[in-house]
Chemist: 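The structure that follows is given in the form of structure tokens.
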Protein chains: 2
Amino acid sequence: MRDRSAELPRYLEIQRDLQQKIASGEWAPGSRVPSEHELQAQYSCSRMTVNKALSALARAGLVIRKRRSGSFVASPRSEQTILNIHDIQAEIAASGKAYRFEILLRTKRAMSEEDAARLAVRKTGAVLAMVVRHFAGDIPFVVEERLLNLNVVPDAEIEPFRDSPPGTWLLNVVPWTNAEHSIYADIATGHMASLLDVEKKAACLVIERRTWQGANTITWVRLSYPGERHRLTSHFWPGGAPAI
Amino acid sequence: MRDRSAELPRYLEIQRDLQQKIASGEWAPGSRVPSEHELQAQYSCSRMTVNKALSALARAGLVIRKRRSGSFVASPRSEQTILNIHDIQAEIAASGKAYRFEILLRTKRAMSEEDAARLAVRKTGAVLAMVVRHFAGDIPFVVEERLLNLNVVPDAEIEPFRDSPPGTWLLNVVPWTNAEHSIYADIATGHMASLLDVEKKAACLVIERRTWQGANTITWVRLSYPGERHRLTSHFWPGGAPAI
DNA sequence: ATCCTGATTATGTATAGACAATTAAATCGT
DNA sequence: ACGATTTAATTGTCTATACATAATCAGGAT
């Protein structure tokens, strides 16, 4: 029936074809995409195959689909990117540098008002507060301030964190369902500057993250990177992969 | 046949069911997920329905699928988040503040070495270099330094940018296919500090972005935000939406 | 033991058809 | 002319089936 010499699956072929028409501007934002019925005829395939292509484009935000009305090229409202925030241990190891970490503080305490606010939970139970410094080679890479919700992760209390830092340990031990990131720039205080081995009042890139398992906040963490030594970079294709 | 009182489509019901088992840790990373055949029997539905659920989980990175071997719970290697970098005009308008912008520089010039490096293209043709300051109310919100590749967007040369700043104009005029973001922290130089109305040597959150249409670089832009006044935040669910 | 070979299994893709849900458009009654 | 009702177009979901493809496994030949 169909050309079996084709490399790509049919639905991907169609998807990229449409994506190309949108990306090139040939199909302007707001304009109507042919209906599944029409595309099915054009590509001489089943409706399900066309549907798979169009659904993927809808998921990627390139088209908007409405029953009875049809599918329309979406107007771009914002630029998206998927930020991959790697496990620090893995990230440094991948860069070829020697990794080590140093636990500067480890305290169990009853949850304070501030702790509760950071974890975004009611003030109850206990937390494990930690400060960890990570090194890439001999250079301080990032300082991690962390709160672990012992109500959710009681095991953390007895974990020595000898081989793995708390972030890596958590990632492997407790599955997370959702996370909130907040990224900003700040001036290194005297203490932070000495920990990162940068000048006083140097710029820091700060990432704050809260991680949940369902309704429970697992952990809050603040990562302070020396501004000149660290960049978050990411490459993004709306379709999920290079189109051509 | 099936229970029509169910609110959710069958495939989503299955998807969330599996997602919950993974998120709760009931199914550990590396462990095997029942095969499509088994799930089809468990949920008494067709294989295509199960396939849709499993494919979605694979796309979200929660499971890894291998022919002949089966599907396995993925071990989390990094935390992802989808960063939505909004159109500045829309972002400020959405916050309820008055938006205005001011073009501080607009120069057409032959592409220099530095321009070519920033745009990641061969040095050829001309660029339009701009510096734009955006205000939220009366407060400087961000300073935008931009290079427009006139080889790709010749229309920019005659565009007055009276109603819309270049970012908004581009978003509406030229569709983009992929983008690269780089986020870091920097110290405000004297000039930048005065533009942003912050103290000298204040921390700035800087976003650099290159945007392509296919193989052509459309634009390079550097956005400098006052560090204390701006945060990038995002909330992320691996499945794409709250599971419960 | 080692290497080929074929059987088996799970996923990947595709088809044709069916019904449901949504809603724009057309029709009808007043 | 207007409002209510019907029709129809389009997407959303689902089924049953089929064959393709990749990878593992078990034998069997060397």
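So you know, we letter chains A, B, ... as the sequences are listed, proteins then strands, and number each from 1. Worth knowing before you read on, the calculation uses all heavy atoms, side chains too, and leaves out hydrogens, waters and symmetry mates.
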Chemist: Measure from NZ on A:Lys52 to P on D:dC14 and round the result to the nearest Å.
Modeler: 15 Å

Chemist: When you match B:Met48 and B:Glu36 each to their closest nucleotide on DNA chain C, which lands nearer the 5' end?
Modeler: B:Glu36

Chemist: Measure up the B:Trp169 and B:Phe161 rings against each other and bin them: parallel (under 30°), tilted (30 to 60°), perpendicular (over 60°).
Modeler: perpendicular

Chemist: How long is the line joining OH of A:Tyr43 and C1' of C:dT13, in whole Å?
Modeler: 18 Å

Chemist: When you measure from the side-chain N and O atoms of B:Tyr11 to the phosphate of D:dT13, is any distance below 4.0 Å, counting only OP1 and OP2?
Modeler: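 Answer yes for this pair, as a side-chain N or O of B:Tyr11 is under 4.0 Å from OP1 or OP2.
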
Chemist: Can you find a donor-acceptor pair, distance only, under 3.5 Å between B:Arg47 side chain and C:dG12 base?
Modeler: yes

Chemist: What is the distance, to the nearest angstrom, from the CZ atom on A:Arg59 to the C1' atom on D:dG12?
Modeler: 14 Å

Chemist: Could you tell me the separation between the CG atom of A:Leu12 and the P atom of C:dT13, rounded to a whole number of Å?
Modeler: 7 Å

Chemist: Determine whether any donor atom in the side chain of A:Arg67 lies under 3.5 Å from an acceptor atom in the base of D:dT11, or the reverse, and answer yes or no.
Modeler: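 Check passes, donor-acceptor contact within cut-off.
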
Chemist: Considering just the side-chain nitrogens and oxygens of A:Ser69, establish if one lies under 4.0 Å of OP1 or OP2 belonging to D:dT11.
Modeler: no

Chemist: A:Phe72 has an atom CZ; how far is it from atom P of C:dA24, in whole Å?
Modeler: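 That distance rounds to 10 Å.
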
Chemist: Among the nucleotides C:dG12, D:dT10, C:dT15, which one has an atom lying closest to any side-chain atom of A:Ser35?
Modeler: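 Among the listed nucleotides, the one closest to the side chain of A:Ser35 is D:dT10.
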
Chemist: Answer yes if the side chains of B:Tyr184 and B:Glu208 hold a donor-acceptor pair under 3.5 Å, and no otherwise.
Modeler: yes

Chemist: Looking at A:Arg68 and D:dA8, is any side-chain donor or acceptor paired with a base atom of the opposite kind under 3.5 Å?
Modeler: yes

Chemist: Between A:His230 and A:Phe141, what is the ring plane arrangement, given parallel below 30°, perpendicular above 60°, and tilted in between?
Modeler: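 Judged by the thresholds at 30° and 60°, the geometry between A:His230 and A:Phe141 is perpendicular.
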
Chemist: Students often get this wrong, so: under 4.0 angstrom with heavy atoms, is B:Ser71 touching a base, only sugar-phosphate, or nothing?
Modeler: sugar-phosphate

Chemist: Among D:dT13, D:dG12, C:dA14, which nucleotide sits nearest the side chain of A:Arg65?
Modeler: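 Ranking D:dT13, D:dG12, C:dA14 by closest atom to the A:Arg65 side chain puts D:dG12 first.
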
Chemist: Please state how far atom CD in B:Gln15 lies from atom C1' in D:dC14, giving the value in whole angstrom units.
Modeler: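 About 16 Å, once rounded to whole Å.
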
Chemist: If you measure only the distance, is there a donor-acceptor pair under 3.5 Å linking the side chains of A:Asn149 and A:Thr217?
Modeler: no

Chemist: For D:dT11, does OP1 or OP2 lie under 4.0 Å from any side-chain N or O of A:Lys66?
Modeler: no

Chemist: What is the distance, rounded to the nearest whole Å, between atom CD1 of A:Ile14 and atom C1' of C:dA14?
Modeler: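 From A:Ile14 CD1 to C:dA14 C1': 11 Å.
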
Chemist: Can you identify which nucleotide, out of C:dT11, C:dA10, D:dC14, has its nearest atom closest to the B:Arg10 side chain?
Modeler: D:dC14

Chemist: Separation of B:Leu54 atom CG from D:dC14 atom C1', in whole Å?
Modeler: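 My rounded result for the distance is 16 Å.
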
Chemist: With sequence neighbours left out, write down each residue that passes ring pair (Phe, Tyr, Trp, His ring centres under 6.0 Å) with A:Phe101, or none if nothing qualifies.
Modeler: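 Partners of A:Phe101 under the ring pair (Phe, Tyr, Trp, His ring centres under 6.0 Å) test: none.
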
Chemist: Return whichever of A:Glu38 or A:Asn51 has its heavy-atom-nearest nucleotide of DNA chain D closer to the 5' end.
Modeler: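 Mapping each residue to its closest nucleotide by heavy atoms, the 5'-most match is A:Glu38.
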
